[in-house]
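Because only heavy atoms are used, hydrogens play no part in the values below, and waters and symmetry mates are left out as well, while side chains stay in. Residue numbers run from 1 in the order of the sequence given.
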Amino acid sequence: AALQALKRKKRYEKQLSQIDGTLSTIEFQREALENSHTNTEVLKNMGYAAQAMKKVHENMDLNKIDDLMQDITEQQDVAQEISDAISNRAGFGDEFDEDELMAELEELEQEELNKGMRDVRLPSVPSTSLPSRPGKLLAILSSTRKRAEDEDEMKRLAAWAS
């Protein structure tokens, strides 16, 4: 009985293996059919699209399209020129040459600078010769400065008094 059971088990295992192989083959064939169906639908739809594009393009002429694109480009150029003309100044104040104006401005600035330089009061130059030692030089410079300060102070007092 045990030997019979082992033989049955081996038969069942062999049948199970065959059934498993058959199921695998059927599943593979099902997937192949699905892929074929998908490919067929895709090709059919691509054919419809190609026919639709042919119908759309029947009324189109490449020369007409090129002419239309040139017209569009020309009109864009005209629109740009109009926009540029509108956005530029209308000529107000353009009657003056900018280089001449800059030269006149520089001349006025130079005159103002010269006028300011005329009003600058420089200290008088000492009439005595400079000493040979630095200490004496400092003393002379100090006394010259003091004398210039005194003169300035006297002028301020005279202006205040009058």
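Here CD1 of Ile72 is found 11.0 Å from CG of Asp67. Values are rounded to the nearest 0.5 Å. Put simply, CD1 on Ile19 and CD1 on Ile26 are 10.5 Å apart, with the number rounded to the nearest 0.5 Å. Between atom OG1 of residue Thr40 and atom CG of residue Asn35 there is a gap of 10.5 Å, rounded to the nearest 0.5 Å. Residue Glu27 holds its CD atom at 12.5 Å from OG1 of Thr22, rounded to the nearest 0.5 Å. Taking CG from Asp77 and CD1 from Ile82, the interatomic distance works out to 11.0 Å, rounded to the nearest 0.5 Å. One distance of note links OG of Ser87 with CD of Gln80; it measures 8.0 Å at 0.5 Å rounding.
Side chain of Thr73 to backbone of Met69: a donor-acceptor contact under 3.5 angstrom is found. Using a distance-only test at 3.5 Å, with no hydrogens or angles considered, no donor-acceptor pair links the side chain of Ser17 to the main chain of Glu13. With His57 contributing its side chain and Met53 its backbone, the two residues share a donor-acceptor pair below 3.5 Å. In terms of modelled atom types and a separation under 3.5 Å, the side chain of Asp20 and the main chain of Leu16 share no donor-acceptor contact.
Contact check for Arg147 versus Glu151: side-chain heavy atoms found under the 4.5 Å cut-off. With contacts defined as side-chain heavy-atom distances shorter than 4.5 Å, the pair Glu111/Lys115 does not qualify. Side-chain contact between Glu81 and Asp84 is absent, with no heavy-atom pair separated by less than 4.5 Å.
With sequence neighbours excluded, the residues that form a side chain to side chain donor-acceptor pair (under 3.5 Å) with Arg156 are Glu153. Under the salt bridge (Lys or Arg N to Asp or Glu O under 4.0 Å) criterion, Arg8 pairs with no residue, sequence neighbours left out. Every residue was checked against the salt bridge (Lys or Arg N to Asp or Glu O under 4.0 Å) condition with Lys54, not counting sequence neighbours, and none meets it. Taking the side chain to side chain donor-acceptor pair (under 3.5 Å) definition, one finds that Asn63 meets it with nothing, sequence neighbours left out. Residues satisfying the side chain to side chain donor-acceptor pair (under 3.5 Å) criterion with Lys64, sequence neighbours excluded, are absent altogether. Qualifying side chain to side chain donor-acceptor pair (under 3.5 Å) partners for Asp152, counting only residues two or more places apart in sequence or in other chains: Arg121.
A salt bridge is defined here as a Lys NZ or Arg NE, NH1 or NH2 lying under 4.0 Å from an Asp or Glu carboxylate O, and Lys44 with Glu41 meets this definition.
Linking Ile, Leu, Val, Met, Phe, Trp and Tyr residues whenever their side-chain heavy atoms come within less than 4.5 Å places Val78 and Ile86 in a single cluster. Tracing side-chain contacts under 4.5 Å through hydrophobic residues (I, L, V, M, F, W, Y), one never reaches Leu33 starting from Val42; they form parts of separate clusters. Both Met60 and Leu68 are members of a single hydrophobic cluster when ILVMFWY side chains are connected at heavy-atom separations under 4.5 Å.
A 6.0 Å sphere centred on CG of Leu62 holds no more than 12 heavy atoms belonging to other residues, nucleotides or ligands. More than 12 heavy atoms of other residues, nucleotides or ligands lie within 6.0 Å of CD in Gln18, so this atom counts as buried by the packing criterion.
Side-chain contact check for Asn114 and Gln110: at least one donor-acceptor pair (N or O, by modelled atom type) lies under 3.5 Å.
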